[in-house]
Amino acid sequence: MARRGSVRGLAKWIPASALIAGAGAIGVCFSRSVPLTAFFFTLCGFGMFMTAVTSNTMIQSIVDDDKRG
């Protein structure tokens, strides 16, 4: 994310990564094997990470410099 030149195109990643996180959570709910559960937890973590990072990157790029924290 830090290497991106602009925030163009990032808005589509927020709902996509939220869906990935949700699919991972649903998969964990119905999984009956440990390896499959680990895979779904990985999906869930990736989705939550990408949602947070993408949102933060967009907010930090749009806000004025004097208001960044």
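Numbering of residues begins at 1 and proceeds along the displayed sequence. Only heavy atoms go into these numbers, but all of them, side chains included; no hydrogens, no water, no symmetry mates.
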Checklist entry - With hydrophobic residues grouped by side-chain heavy-atom distances under 4.5 Å, do Met48 and Phe39 end up in a single group? => result no
Checklist entry - Hydrophobic clusters join Ile, Leu, Val, Met, Phe, Trp and Tyr when side-chain heavy atoms are under 4.5 Å apart, directly or via other members; which others share one with Ile59? => result Val63
Atom [atom1] of [X] and atom [atom2] of [Y]: how far apart are they, to the nearest 0.5 Å?
X	Y	atom1	atom2	value
Ile26	Ser31	CD1	OG	13.5 Å
Leu10	Trp13	CG	CH2	9.5 Å
Phe49	Ser17	CZ	OG	10.5 Å

Checklist entry - If every non-hydrogen atom of Ala21 is compared with every non-hydrogen atom of Cys44, which pair is closest and at what distance? => result O-SG, 3.6 Å
Item to check | Nearest heavy atoms of Ser61 and Thr57, plus distance in Å | outcome: OG-O, 2.8 Å
Checklist outcome for this item: Residues at least two apart in sequence or cross-chain that pass side-chain contact (heavy atoms from CB on, under 4.5 Å) with Leu19, listed by chain then number, are none
Item to check | Residues forming a side chain to side chain donor-acceptor pair (under 3.5 Å) with Asp66, sequence neighbours excluded | outcome: none
Checklist entry - Going through the distances and angles, do Ile14 and Met58 end up as a side chain to side chain contact (heavy atoms under 4.5 Å, CB included)? => result CA-CA 10 Å; Ile14 296 172; Met58 287 184 65; 3.8 Å; yes
